There are 2 protein chains.
Amino acid sequence: MLLKLDFSSDVPIYLQIRNQIVMGIAEGKLSPGEKLPTVRALAVESGINVMTVNKAYALLKQEGYILADRRSGAIINPDIAKPGFISDKTKNDLKLVISEIKLAGVSREELLNLCGQLYDETGETR
Amino acid sequence: MLLKLDFSSDVPIYLQIRNQIVMGIAEGKLSPGEKLPTVRALAVESGINVMTVNKAYALLKQEGYILADRRSGAIINPDIAKPGFISDKTKNDLKLVISEIKLAGVSREELLNLCGQLYDETGETR
DNA sequence: TTATTTGTATTATAATTAGTAATACAATAA
DNA sequence: TTATTGTATTACTAATTATAATACAAATAA
C-alpha cells in the first residue's frame with residue numbers, strides 16, 4: 001500500500017488517502033478482507049499525523065468501504081466483493097434526495113421514470 | 001409577504017428567507033407568477049442588508065423556485081404550477097448520486113429497485 | 001500481570017470558508 | 001435624465017475545516 005500524497009494540492013490529505021484507497025479497491029489492488037496498514041504505520045510512512053490518517057479511515061468506515069476497530073485493525077469490507085456494491089453513504093445520499101422528491105408530491109412512477117432517464121443520460125462525474 | 005426572522009437562530013438569515021418563501025409556495029400563500037418584493041424593500045422592512053436578501057433570491061433562483069432579473073424584478077417560477085415540480089437543484093443532486101451508483105457498476109434495474117424501495121420506506125426529512 | 005498494539009477522544013491552532021454588510025455599478029423603464 | 005431593478009466588488013467577523021500533539025481505552029501477547 002503505497003500512497004502518493006501531494007502536499008501542495010488543495011485536496012486535503014485525508015481525502016487524498018481516502019480517494020486512493022477507494023480507487024485501489026475499484027482497481028482490484030486492494031481486495032475485500034485485506035488488512036490495511038495501521039494508522040500509525042501510514043502516518044509515519046507518509047510523514048503526517050496519526051489523526052489525519054484516522055480521519056481518512058473514519059470516513060471510509062462511515063462510507064462502508066472498510067471495517068475498523070481496536071482489536072483487528074482496519075480491513076477492506078468483505079461485502080464489497082462483487083461489483084454493484086453501493087456504499088452506505090451513497091445509499092444515504094440517495095435516500096435524502098428521494099425524500100425531498102417524495103415530499104414535493106412526486107409519485108412513485110414519476111420518480112422511477114426520472115431515475116431511469118438520469119441513469120441513461122449519465123456518463124461520468126467528478 | 002411578511003417574513004418572521006429570528007436573529008438569534010443559528011439558521012442564517014438568508015436561509016430563513018429562502019425557506020419561508022419555499023414554504024409559502026408550498027402552502028399556496030405565494031402563487032406561481034406572483035411578484036416578490038424587491039430586494040431593497042425586503043431588506044428595509046426586515047432591517048437587514050440588501051445583499052443578504054439577494055443571497056436568498058440567488059439561491060431560490062438557482063434552485064429554480066423563482067425567476068429574477070434586472071428588468072422585471074423577482075417572481076415565483078410559473079412552472080411550479082402543479083405539485084410534482086422538482087427543483088433544478090434537487091434534480092441535479094439526484095443526477096449526481098445516480099452517476100456515482102452507475103459508475104459503481106450497478107445495473108439500471110437494481111437502481112430502480114433501490115429507488116422504489118427507498119421511496120416506500122421514506123417518510124420525512126430535515 | 002505488564003507491555004505493546006490497535007483505533008479513537010480531546011484539545012489546540014492556523015487557514016479557510018460562511019454570513020453579513022457598505023458601497024458602487026449596470027440595465028431597464030418611466 | 002432619473003428612479004428602480006438585481007448584482008458585483010470588497011471588507012470584516014464568526015464559524016468551520018484540516019492538521020496535529022497528546023492522552024486514553026480496549027485488546028492481545030509476553
Side-chain angles (χ1 to χ4, degrees), chain A residues 1 3-22 30 33-78 88-89, chain B residues 1 3-22 30 33-78 88-89:
Chain A
M1 187 66 212
L3 293 180
K4 281 168 194 156
L5 300 181
D6 177 0
F7 292 95
S8 60
S9 164
D10 55 344
V11 177
I13 298 176
Y14 82 93
L15 251 191
Q16 293 187 39
I17 298 175
R18 177 267 179 195
N19 291 342
Q20 290 184 34
I21 289 180
V22 170
L30 292 171
E34 180 174 339
K35 220 170 175 325
L36 284 174
T38 71
V39 287
R40 258 159 267 256
L42 256 192
V44 170
E45 174 186 323
S46 309
I48 57 177
N49 191 274
V50 183
M51 290 312 290
T52 302
V53 179
N54 181 260
K55 188 159 187 177
Y57 276 28
L59 182 55
L60 289 162
K61 185 180 177 179
Q62 178 208 313
E63 294 177 327
Y65 288 116
I66 71 173
L67 307 180
D69 61 65
R70 248 183 295 254
R71 41 189 171 270
S72 46
I75 62 170
I76 309 288
N77 187 344
D88 291 354
K89 179 182 176 300
Chain B
M1 186 67 212
L3 293 181
K4 281 169 193 154
L5 300 182
D6 177 0
F7 292 96
S8 59
S9 163
D10 55 344
V11 178
I13 298 176
Y14 82 93
L15 250 191
Q16 294 186 40
I17 298 175
R18 178 266 180 196
N19 290 342
Q20 291 184 34
I21 289 180
V22 170
L30 293 172
E34 181 174 341
K35 220 170 173 327
L36 284 174
T38 70
V39 288
R40 257 160 270 252
L42 256 191
V44 170
E45 174 187 324
S46 308
I48 57 177
N49 192 274
V50 183
M51 289 313 290
T52 303
V53 179
N54 180 259
K55 188 158 186 178
Y57 277 27
L59 181 55
L60 289 162
K61 184 178 178 180
Q62 180 207 312
E63 294 177 326
Y65 288 115
I66 72 174
L67 306 179
D69 60 65
R70 248 182 294 252
R71 43 188 168 270
S72 46
I75 62 169
I76 308 289
N77 187 344
D88 292 353
K89 180 183 175 300

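From a predicted model like this one, the values you see are computed outputs, not experimental measurements. Residue numbers start from 1 in every chain, and the chains themselves are labelled A, B, ... in the order their sequence lines are given, proteins ahead of strands.
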Nearest-Å distance for atom pair [atom1]/[atom2], residues [X] and [N]:
{"X": "A:Asp6", "N": "D:dT19", "atom1": "CG", "atom2": "P", "result": "12 Å"}
{"X": "B:Asp69", "N": "D:dA8", "atom1": "CG", "atom2": "P", "result": "13 Å"}
{"X": "B:Lys35", "N": "C:dA29", "atom1": "NZ", "atom2": "C1'", "result": "12 Å"}
{"X": "A:Leu15", "N": "C:dT16", "atom1": "CG", "atom2": "P", "result": "16 Å"}
{"X": "B:Arg71", "N": "C:dA26", "atom1": "CZ", "atom2": "C1'", "result": "13 Å"}
{"X": "B:Asp10", "N": "C:dG19", "atom1": "CG", "atom2": "P", "result": "11 Å"}

Q. Excluding sequence neighbours, so at least two apart, what forms salt bridge (Lys or Arg N to Asp or Glu O under 4.0 Å) with A:Asp69?
A. A:Arg71
Within this structure, what is the [atom1]-[atom2] distance for the pair [X] and [Y], rounded to the nearest 0.5 Å?
{"X": "A:Ile66", "Y": "A:Glu34", "atom1": "CD1", "atom2": "CD", "answer": "12.0 Å"}
{"X": "A:Gln16", "Y": "A:Asp6", "atom1": "CD", "atom2": "CG", "answer": "5.5 Å"}
{"X": "B:Leu36", "Y": "B:Leu30", "atom1": "CG", "atom2": "CG", "answer": "6.5 Å"}

Q: Report the residue (A:Pro12 or B:Ala41) whose heavy-atom-nearest nucleotide on DNA chain D is the more 5′ of the two.
A: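 Nearer the 5' end of the strand: B:Ala41.
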Would you tabulate the pairs of protein nitrogen or oxygen atoms and nucleotide nitrogen or oxygen atoms of nucleotides 20-24 of chain D closer than 3.5 angstrom?
residue: D:dA20; atom: OP2; partner: A:Asn49; partner atom: N; Å: 3.0
residue: D:dA20; atom: OP2; partner: A:Thr52; partner atom: OG1; Å: 3.1
residue: D:dA21; atom: OP2; partner: A:Asn49; partner atom: ND2; Å: 3.2

So does [Y] get a backbone contact from the side chain of [X], meaning a donor-acceptor N/O pair under 3.5 Å?
{"X": "A:Lys55", "Y": "A:Tyr14", "answer": "no"}
{"X": "B:Asn77", "Y": "B:Gly64", "answer": "yes"}
{"X": "B:Asn19", "Y": "B:Leu15", "answer": "yes"}

Q) Which residues, if any, of residues 54-65 of chain B bring a heavy atom under 4.0 Å of DNA chain D? A) B:Asn54, B:Lys61
**Q.** Pairwise side-chain contact, A:Lys89 with A:Tyr65, heavy-atom cut-off 4.5 Å (strictly under)
**A.**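 No, too far: nothing below the 4.5 Å cut-off.
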